[in-house]
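Throughout, protein chains are lettered first and strands after them, A, B, ... in sequence-line order, and every chain is numbered starting at 1.
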There are 2 protein chains.
Amino acid sequence: MAELSLPELDPTSDRAVFRQIADHIREAIEQGTLAEGDKVPSEAQLMQHYGVARMTIRNALQVLQSEGLTVAEHGRGVFVRSHPPVRRLASDRFARRHRQEGKAAFIAETEGAGGKPSVDSIRITEEEAPADVATLLGLAEDARVIRRSRRYLINGQPVETAVSYIPAEIAMGTRIAEPDSGPGGIYARLEELGYRLDHFVEDIRSRMPLREEMRALRLAPGVPVFRLVRTAYTTDGKAVEVCDTVMSSDAYVLSYELPAR
Amino acid sequence: MAELSLPELDPTSDRAVFRQIADHIREAIEQGTLAEGDKVPSEAQLMQHYGVARMTIRNALQVLQSEGLTVAEHGRGVFVRSHPPVRRLASDRFARRHRQEGKAAFIAETEGAGGKPSVDSIRITEEEAPADVATLLGLAEDARVIRRSRRYLINGQPVETAVSYIPAEIAMGTRIAEPDSGPGGIYARLEELGYRLDHFVEDIRSRMPLREEMRALRLAPGVPVFRLVRTAYTTDGKAVEVCDTVMSSDAYVLSYELPAR
DNA sequence: TTGACGAACTCCTCTAGAGGAGTCATAAAG
DNA sequence: CTTTATGACTCCTCTAGAGGAGTTCGTCAA
């Protein structure tokens, strides 16, 4: 606390005490007085400084945590959250030229950036298409699909979970229904099967993660996720795959190029 | 509470009591037992039901609120958050054909969907370009830009704030530097000035809102925002505008079409 | 040198209160 | 019929404690 000098409370303010305290710490973070990874003064120190009860301090720290500004580590302290390196997903990442080099988009991209990509928890099942997926694929309600779910990691850190749905009538008996879908990934396989890919549509949402997502992606509290649903269309206008991915929003920037014509 | 039957606590569990309570209510919401807009049992009722202290209940409700599942209304109760109608932003929304109809993208789109669009808080200044904007526009560090900031509303509800930066050497003295930029918006003006727009690049991030953003967009707690930075390029490859927008993530789905070639 | 122990520190969970302030329906007063 | 009060209900803020559990580091014995 000697290092960090926080202001005093303003007793004339009608802003709640715990909010004032949160404001002070937030300002210190925004101004860089408290840098990434720095330790925030302990509860005891803050109680002492402000002369308030422990719960008031904890309320203030709770605010900052749910804003994604800090993380608490049991037994160690509260720290200013540090941001992981950001991955940029460009809109040409599924271009055929990449696919033809024999690597799946994720692998090629990650190695290009100097990281060690890996894929995890691959599970393949055949099941009835969920309603929204059936709609996107233009299938009947009870149509069956191959479901490929997996998790992507970079240097051992999980960054993204993905679930692909491919109509069973297309994928059944092909390598698409195998855990290792082969060089170039399932898009390469689809093209080999004669489905000439024309374009993708990506729908992007953002929200707070579910509990399973926090666990699977090892997310800090206060970090939202992107949910990206990609549908692949052939030159005939037929949808052949839907991929539903969830990724940590602070590890990604999504980048798209769109025509002005 | 008569209507809603929550499970009892599991005393053998090592999961904290307030987390168990949050889990119960979360499940009720996910299963639809508690629907959008429904009132969650009051603190007093939950205290009674679980036989725990008020702070324990408040902790549980706090968890749900920061997950964006509920909103508390002072004096009224805690309610399951209802989601506003979602606006889909398609990647062709800046197509020239729309521009030529004489309406700015936002206005045309909103009217098409049956809403009443309006624009608010328009402020135009000339200033030095922020560092990141200067980089995107390919300008020198001390270059001057026209800064157009405004807020978009639908049926009186704010949905998006936006700040555009246009190099002063382009915009100075033109209608771009006026509050009313005229039919078709500033992209139409740029084309009239001879800057033929070729494509846009949009970078999308997501994070928890700052306090000002929560106020400006009237965001509920636990709702992240999209930050979308769009750069407009001419056929010469010159960047002529950067637009930095912040929008409520639960009012928007961003949709992009990308080529597979 | 190594390893076990313990003290001091950290955040986490929970209790049991108090007063404040916003909302709403109802009853009383105009 | 309108307006004003009142009371019951809601969530909000804050206090003052208690014990628990994880981390760190120095001490001391082997």
Side-chain angles (χ1 to χ4, degrees), chain A residues 1-4 8-25 34 37-66 69-81 214 220-222, chain B residues 1-4 8-25 34 37-66 69-81 214 220-222:
Chain A
M1 197 66 177
E3 339 74 37
L4 182 67
E8 298 296 321
L9 292 175
D10 174 3
T12 70
S13 167
D14 54 357
R15 190 161 175 77
V17 171
F18 77 91
R19 291 188 198 282
Q20 289 187 49
I21 297 175
D23 291 345
H24 293 168
I25 301 173
L34 281 171
D38 280 5
K39 190 166 177 306
V40 172
S42 74
E43 294 176 358
Q45 287 171 321
L46 290 168
M47 281 170 69
Q48 164 93 60
H49 175 78
Y50 287 109
V52 298
R54 164 168 261 103
M55 285 305 289
T56 306
I57 297 296
R58 286 189 58 76
N59 260 323
L61 294 174
Q62 171 64 42
V63 169
L64 298 172
Q65 180 151 23
S66 74
L69 291 175
T70 60
V71 274
E73 294 184 32
H74 194 162
R76 303 205 336 115
V78 175
F79 301 86
V80 179
R81 196 157 69 79
M214 284 193 70
Chain B
M1 195 67 177
E3 338 75 37
L4 181 69
E8 297 297 320
L9 292 176
D10 174 3
T12 70
S13 167
D14 54 358
R15 191 161 174 77
V17 171
F18 76 92
R19 290 188 199 282
Q20 289 188 50
I21 297 174
D23 291 346
H24 293 168
I25 300 173
L34 281 170
D38 282 3
K39 192 168 177 304
V40 172
S42 74
E43 293 176 359
Q45 286 171 321
L46 291 168
M47 281 170 69
Q48 164 94 61
H49 175 78
Y50 287 109
V52 298
R54 163 167 262 104
M55 284 306 290
T56 306
I57 297 297
R58 285 189 59 75
N59 259 322
L61 294 174
Q62 171 64 42
V63 169
L64 298 172
Q65 180 150 29
S66 74
L69 292 175
T70 59
V71 273
E73 295 183 32
H74 193 161
R76 301 204 338 114
V78 175
F79 300 86
V80 179
R81 197 158 69 79
M214 283 193 71

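- Computed from coordinates, the A/Met47 CE to C/dC12 C1' distance equals 14 Å when rounded to whole Å.
- Between A/Asn59 atom CG and C/dC11 atom C1' the separation is 15 Å, expressed in whole Å.
- In this structure, of C/dC11, D/dT13, D/dA16, it is C/dC11 that holds the atom nearest to the side chain of A/Ala72.
- The main-chain N or O of A/Arg15 is found under 3.5 Å from a side-chain atom of A/Gln20 such that the two form a donor-acceptor pair.
- Using a 4.0 Å heavy-atom distance criterion, B/Arg15 is classed as making no nucleic acid contact.
- The distance from atom NE2 of A/His74 to atom C1' of C/dT13 is 9 Å, rounded to the nearest whole Å.
- Close to D/dT24, at under 4.0 Å from its OP1 or OP2, lies a side-chain N or O of A/Arg76.
- D/dA8 atom C1' lies 14 Å from atom CD of B/Gln45, rounded to whole Å.
- Within 6.0 Å of CD in A/Gln48 there are 12 or fewer heavy atoms belonging to other residues, nucleotides or ligands.
- Contact annotation: A/Thr56 side-chain N/O to D/dC14 OP1/OP2 distance is not under 4.0 Å.
- Put simply, the side chain of B/Glu43 never gets that close to the backbone of B/Ile57: no donor and acceptor are under 3.5 Å apart.
- The interatomic distance linking B/Glu43 (CD) with D/dC9 (C1') rounds to 12 Å, in whole Å.
- Using a 4.0 Å cut-off, no side-chain N or O of B/Arg54 falls inside it from OP1 or OP2 of C/dA18.
- Close to C/dC12, at under 4.0 Å from its OP1 or OP2, lies a side-chain N or O of A/Arg58.
- A donor-acceptor pair is defined here as one N or O able to donate and one able to accept, closer than 3.5 Å; no such pair exists between the side chain of A/Glu73 and the backbone of A/Phe79.
- One can place NZ of B/Lys39 at 9 Å from C1' of D/dC9, the figure rounded to the nearest angstrom.
- Contact annotation: the side chain of A/Ile21 never approaches that of A/Val63 to less than 4.5 Å [non-hydrogen atoms, C-beta and beyond].
- With rounding to whole Å, B/Ile57 atom CD1 is found 10 Å from C/dC14 atom P.
- Rounded to an integer number of Å, the gap from CD of A/Glu73 to P of C/dC12 is 10 Å.
- Mapping B/Gly77 and A/Gly51 onto DNA chain D via the closest heavy atom, the residue that lands nearer the 5' end is B/Gly77.
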